[in-house]
There are 2 protein chains.
Amino acid sequence: MLALSTYVSALLGGLTKLCENHPMSDDKNSYHHGDLRNALLQAAAQQIREQGVDKLSLRAVARAAGVSATAPYRHFEDKNRLLVALAVEGYQQLREETAAAVDPTQSAAEGLIAVGLAYIEFALRRPERYKLIFGPVIHERQAYPELQESGFAALQVVVALAERGIASDEFVDTDPFLIANSCWAKVHGIASLAIDGFYDCAPIPSQQQFFRELLLLQLTGVVRSK
Amino acid sequence: MLALSTYVSALLGGLTKLCENHPMSDDKNSYHHGDLRNALLQAAAQQIREQGVDKLSLRAVARAAGVSATAPYRHFEDKNRLLVALAVEGYQQLREETAAAVDPTQSAAEGLIAVGLAYIEFALRRPERYKLIFGPVIHERQAYPELQESGFAALQVVVALAERGIASDEFVDTDPFLIANSCWAKVHGIASLAIDGFYDCAPIPSQQQFFRELLLLQLTGVVRSK
DNA sequence: GCTCCTATGTTTGCACTGTAAACATGCTAG
DNA sequence: CTAGCATGTTTACAGTGCAAACATAGGAGC
């Protein structure tokens, strides 16, 4: 009887190995999950994508991972910590996607436009993730240095472009950090306003084109050059 | 006696009209509060200011107003509705403060800078209110047209400046709506990033000066004019 | 090979939240 | 004076984040 139960549990263990499409996929049949931390992150990401970032509940995440309500606390001190981890992940994606948008054979100005559009596209494609990254969802951001670090890393893409533009005399000779922040702030503002639906009912023929013109204006300036 | 009480209550009615600083102060000693709606808004505003926007609880607001937990539902269908009301209020403040910053005798460009700085100052002085207005705190913004209306009203200050600049040949001849949005996005981006502490540990001598330079760059452009 | 430690789970419990439903109260119009 | 209605209250429920105590298994040391 004891032997039987052992056998059964082993059998079940084998079975779970076969019919795995949901995240665990380990030989662990019960209890120790194997890779819960990642499973939680993944479940949380999906939940955010589908239901919005402020509807995210730790308990629901745990439920989705097939685990008890307080299990996540073994891997994240806080709900906030989970969010921070997701945000850092988001910053990295953002950095990758914007970096991928710049073509070194193009001019620095074209590069800025491309990065800006990629940034906005990212924000509109993953609005909830974007809100998580920048919005006030995460409490006490300053308590998590990794957040600001990955933020700065994302900014670095733009700084590099600014440096290139200055070096090639394409841009005005200012602090590249200033130029980068100028562009970033602009793009961030556009993305936020777009997500919040400010451009939805505006009399705009094409959003894409509108964004491009906004970005161009950033480069050429508003004041008529005399 | 009946006549007297009527008289007294009329007198008090006249008085409340005069000496209104705190919300209640009515002849109503209990039950019907008098002006609960405003009291709730005020209490909520304070709570947001002091504890942060995402810590706001309707029950705590009710408690602060000295009223039962569900009383607010007689005045706001939702917690969200309360937040919307506060956000609209915030937009109006924002519009007033930015409008007050523009001096008609100045150039349009100087006006844009002044408005931008006033905007950023507003955001930094009332960060939680600002987060409420723009952040993802309010759900389904598009369901509340008054939100977008007051948002557009705030934008109108900038549009007017853009029109003035274009008319006086100070600015390039583009759609004023485009210029206004360009400036607004920029300023909004700066404010958001500043609130999120992105500039806190940056190597910046003076924040104020940094903001001014960022805004100036918006006007003059990044690309070297040939 | 046995035992204990520790990492990782679970259960239980608490204080709190938003909100629905039913009930109470008192101003006001008929 | 009274009926109705706006505005309160009480009660209840499902859901939340999290702390504390308990359970389990896999691996380190004997």
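Letters A, B, ... mirror the listed sequences (proteins, then strands); counts begin at 1.
In the model, B:Q46 has a side-chain atom that pairs as donor or acceptor with a side-chain atom of B:E50 under 3.5 Å. For the residue pair B:E96 and B:Q92, no side-chain donor N or O sits within less than 3.5 Å of a side-chain acceptor on the partner. In this model, a donor atom of one side chain and an acceptor atom of the other lie less than 3.5 Å apart for A:Y144 and A:N80. For the residue pair B:Q218 and B:S182, a side-chain donor N or O sits within less than 3.5 Å of a side-chain acceptor on the partner. The closest side-chain donor-acceptor pair between A:Q156 and A:R95, if any, does not fall under 3.5 angstrom.
One can place CG of A:N38 at 15 Å from C1' of C:dT8, the figure rounded to the nearest angstrom. Between A:N80 atom CG and D:dT16 atom C1' the separation is 15 Å, expressed in whole Å. Nucleotide D:dC18 holds its P atom 14 Å from the CG atom of A:L40, rounded to whole Å. Rounded to a whole Å, the CG atom of B:D35 is 15 Å from the C1' atom of D:dG8. Look at CG on B:D54: it is 14 Å from P on D:dG17, rounded to the nearest Å.
For DNA chain C, no neighbouring residue in residues 127-146 of chain B is found when judged by any heavy atom under 4.0 Å. Of the residues in residues 69-78 of chain B, those placing a heavy atom less than 4.0 Å from an atom of DNA chain D are B:T70, B:A71, B:R74, B:H75, in numerical order.
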So which protein nitrogen or oxygen atoms get under 3.5 Å of nucleotides 15-17 of chain C's nitrogens or oxygens?
from, atom 1, to, atom 2, distance (Å)
C:dT17, OP1, B:S57, OG, 2.9
C:dT17, OP2, B:R63, NH2, 2.9

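With respect to B:E146 and B:R141, no salt bridge is recorded, no charged nitrogen being found less than 4.0 Å from a carboxylate O.
The side-chain hydrogen bond (donor to acceptor under 3.5 Å, both in side chains) test with B:E77 singles out one residue from B:H75, B:R81, B:K79, and that residue is B:R81. Checking B:L86, B:I133, B:I48 one by one against B:V53, the side-chain contact (heavy atoms from CB on, under 4.5 Å) holds for a single residue, B:I48. Tested against B:L178 for a side-chain contact (heavy atoms from CB on, under 4.5 Å), the candidates A:V222, A:L216, A:I204, A:L214 yield a single pass: A:L214.
The environment of CD in A:E140 is sparse: at most 12 heavy-atom neighbours from other residues, nucleotides or ligands sit within 6.0 Å.
The aromatic rings of B:Y91 and B:F134 sit perpendicular to each other, their planes meeting at more than 60°, with 30° as the lower class boundary.
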